Amino acid sequence: MAKDNKTAINPRRDEDYPIWYQEVIKAADMAENSDVRGCMVIKPWGYTIWENIQKELDDMFKATGHKNAYFPLFIPLSYLQKEADHVEGFATECAVVTHHKLTKNSEGTLVPDGELDEPLIVRPTSETIIGATFSKWVNSYRDLPILINQWANVVRWERRTRLFLRTAEFLWQEGHTVHATKEEAVDETIKMLNVYKNFAEKVMAIPVITGEKSESERFPGAVSTYSIEAMMQDRKALQAGTSHFLGQKFAKASNIKFQSKDMQEEYAWTTSWGVSTRLIGALIMTHSDDNGLVLPPRIAPAHVVFLPIYKTDEERDTVLAFIEEIRAEIRGLGRYHERHLVADVDDRDMRGGEKNWNWIKKGVPLKVEVGMRDIEKNSLAVMRRDNPELKKDFIDRDEFVKNLHDTLDDIQNTLFERAKAYRDENTRTIDDKDEFEAYFTPENKDKPEIHGGFALSHWCGSVTCEEELKELKITIRNIPLDGKEEDGTCIHCGAPSKRRVVFAKAY
RNA sequence: CGGAAUGUGGCCCAGAGGCUAGGGCACCUGGUUUGGGACCAGGGGAUCGCAGGUUCGAAUCCUGCCAUUCCGACCA
């Protein structure tokens, strides 16, 4: 059993949340900082999670009629310049390519040479290059809609980076669509937002709030931006995905025009939407505990890991053969949701205890020890990672296989319900200004403890109030789509308001 | 970009102007072990973040730079 007074991850969440986060990543062997400033190396355990995210989302995109394509990494500087708000939003964080070769100087060191006539920027997002391409694809209303997605890397020269949450280069998908009417484009924006919500909640077991961003949090160049917002265990909000209605702004900037049925030349309506490797950060901070990563089965690189226990070579053969039989049966169970069941064996030659902790820290949903005693009793020593006490249960071997699908679903549900309960416990409807301020004020100013959460409060809609509330280090996360209209007064200025918004500290 | 802290084998840390830079974990070899982070013995591995400077002598003092972490500003 786990020692009562010791956890695998130090510090614990309540001691130092940011460091705990880094340690979980290190302990699970998911990623590390590279020699390139702000860029990470995603290691197999972390990358497989990304591959699983890709598989699931890609299916969802295909099911909603989207096709994948690929656009260039480089964007001519002049393209970025086409949409004024867009340039302004990204200008401060662009990597710029100015040369196309290297030559040796007199000291023999390599220096850039062959200056480009027009600098290229490394895409921070692809609206402009894709818009320029779409303008060539669209002539008639019959060409619409265009529903495209690309899986790619992008670069944003962030000043302050953190593994998975904000890195200079990151992996993502960006959907870009073109429509003949405003209504259709708005529908698309909301549809994809709901795809994200469904994915986050069903596959990653992360409860999210869908809503519209306030003007100041809007994507540069968008008419309206929507987000899914999740609560991390330090009660801060994390924007886990966005969907933008771009109106005709990019169509005008990139000249995406078509002839309508009644022979009019019209600008098209576009959308874009994306999620990134930041989702992995959300996953870590939603489910993990003081013993490391905890993975929902539907996204875990492996569902089950078997740890053989033996003394002699003879016993080893017996135990491994027993495990192989079970693995064959598990393979026979077919798919677990969209993916094949993955049941690995860890037969590395190392101490049992250490090996055990290894898998606990990696967050594999089910860890199964198999030794001679188990074989005699036809049972298995099973540990569910969602059990915070790391309790080991002895389960009949046949029952285990028969119930595997249900057990994994149960873990998946438990994690979702636990995360949802945590969020709900830390969400308050607040109408009193003093209460609001107290809610967001830590007791210890120098080293703030985990405090606050989400506040559902009225907001008059003015940028000034939003700005002044930043004193409390909070922002409006979004204006929930399922929020009802109700009369109230702005939590800050007291002006009349029709709607509650989500206030929180944020990543 | 401002403020603070840190940088010593793969990881964690000691060393505060003077012998060949230490220890724990990890790694390799041999042995004893093995159902919740084993033990014994032996062994390999470091241009002390980088570049200058001060000094007879620098991991240690000075200057600059770089990186990481935290706080802030900025930000899909």
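The structure presented is a predicted model; accordingly, all values stated were derived computationally and were not measured. We name chains A, B, ... by the order of the sequence lines, and we start the count at 1 in each one. For the numbers below, each heavy atom of this structure counts, side chains included, while hydrogens, waters and symmetry mates do not.
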Of the listed nucleotides ([options]), which one gets closest to any side-chain atom of [X]?
X	options	value
A:Pro18	B:rC75, B:rG35, B:rC71	B:rC71
A:Phe219	B:rA76, B:rU69, B:rG36	B:rA76
A:Glu369	B:rC12, B:rU34, B:rG35	B:rG35
A:Met383	B:rU34, B:rG35, B:rG36	B:rG36
A:Arg159	B:rC12, B:rG37, B:rC74	B:rC74
A:Ile309	B:rC74, B:rG35, B:rC70	B:rG35

Atom [atom1] of [X] to atom [atom2] of [N]: distance rounded to whole Å?
X	N	atom1	atom2	result
A:Asn291	B:rG37	CG	C1'	12 Å
A:Arg477	B:rA76	CZ	P	11 Å
A:Asp35	B:rA67	CG	C1'	10 Å
A:Asn33	B:rA67	CG	C1'	9 Å
A:Gln22	B:rA67	CD	P	17 Å
A:Lys362	B:rG37	NZ	P	21 Å
A:Glu229	B:rA76	CD	P	13 Å
A:Glu158	B:rA67	CD	P	15 Å

Problem - B/S/- contact track for nucleotides 3-8 of chain B, protein heavy atom under 4.0 Å - result: ------

Completion exercise
Note, RNA chain B 5' to 3' with Watson-Crick or G-U pairs under 3.5 Å encoded as ( ), [ ], | and . gives ((((((((.[[[[.)..(...]]]].((((((.....)))))).....[[[[[..)....]]]]])))))))....

Should the pair [X]-[Y] be classified as a salt bridge under the 4.0 Å nitrogen-to-oxygen rule?
X	Y	result
A:Lys367	A:Glu369	yes
A:Asp347	A:Arg316	yes
A:Asp234	A:Lys505	no

For residues 370-378 of chain A, run the donor-acceptor check on the side chains, cut-off 3.5 Å, and write out each pair with its distance to 0.1 Å, sequence neighbours left out.
| residue | atom | partner | partner atom | Å |
| --- | --- | --- | --- | --- |
| A:Asp374 | OD2 | A:Gly371 | N | 2.7 |

Those residues that, when tested against [X], pass salt bridge (charged side-chain N to carboxylate O under 4.0 Å, His left out) (two or more places apart):
X	result
A:Lys470	A:Glu467
A:Lys197	A:Glu201
A:Glu354	none
A:Arg385	A:Asp289

Rounded distance in Å between the [atom1] positions of [N] and [M]:
N	M	atom1	value
B:rC50	B:rU8	C1'	14 Å
B:rA73	B:rC25	P	44 Å
B:rC61	B:rC74	C1'	38 Å
B:rC62	B:rU55	C1'	12 Å
B:rA26	B:rC65	P	41 Å
B:rA46	B:rC12	C1'	16 Å
B:rU33	B:rA38	C1'	7 Å
B:rA59	B:rU47	P	13 Å

Exercise for the section: For the residue pair A:Phe250 and A:His86, categorise the inter-ring angle as parallel (less than 30°), tilted (30 to 60°) or perpendicular (more than 60°). Expected result: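 Answer is perpendicular, since the angle exceeds 60°.
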
Practice task
For the residue pair A:Phe440 and A:Phe436, categorise the inter-ring angle as parallel (less than 30°), tilted (30 to 60°) or perpendicular (more than 60°).
Solution key: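 Ring orientation, 0 to 90° scale: perpendicular.
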
Donor-acceptor pair present, [X] side chain and [N] base, under 3.5 Å:
X	N	value
A:Lys392	B:rG36	yes
A:Asn358	B:rG37	no
A:Arg160	B:rC74	no

How would you label the contact of [X] with the nucleic acid (heavy atoms, under 4.0 Å): base, sugar-phosphate, or nothing?
X	answer
A:Pro220	sugar-phosphate
A:Gly221	nothing
A:Lys361	base
A:Arg37	sugar-phosphate
A:Gln239	base
A:Ile360	base
A:Arg373	base

Problem - Presence of A:Lys473 side-chain N/O under 4.0 Å of B:rG72 phosphate oxygens OP1/OP2 - result: yes

Handout entry: Non-neighbouring partners of A:Trp359 that pass side chain to side chain donor-acceptor pair (under 3.5 Å), sequence neighbours left out
Key = A:Asp346

Completion exercise
Residue set satisfying side chain to side chain donor-acceptor pair (under 3.5 Å) with A:Glu437, at least two apart, ordered chain then number -> none

Exercise for the section: Check for a donor-acceptor pair, side chain of A:Glu449 on one end and backbone N or O of A:Glu443 on the other, with a separation under 3.5 Å. Expected result: yes

Could you go over nucleotides 29-33 of chain B and give all protein N or O partners under 3.5 Å, atom names and distances?
| residue | atom | partner | partner atom | Å |
| --- | --- | --- | --- | --- |
| B:rU33 | O2 | A:Arg351 | NH1 | 3.4 |

Practice task
If a pair satisfies side-chain hydrogen bond (donor to acceptor under 3.5 Å, both in side chains) and one of its residues is in residues 22-36 of chain A, list it, with sequence neighbours excluded.
Solution key: A:Asp29-A:Lys43, A:Glu32-A:Lys43

Exercise for the section: Starting from the 5' end of RNA chain B, give me the residue, A:Arg278 or A:Val36, whose nearest nucleotide shows up first. Expected result: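 Looking at RNA chain B, the more 5' nearest nucleotide goes with A:Val36.
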
Practice task
Between A:Tyr507 and A:Lys355, just flag the one whose closest nucleotide in RNA chain B comes earlier from the 5' side.
Solution key: A:Lys355

Could you pull out every donor-acceptor pair under 3.5 Å between side chains of residues 88-97 of chain A and any protein atom, sequence neighbours left out?
none

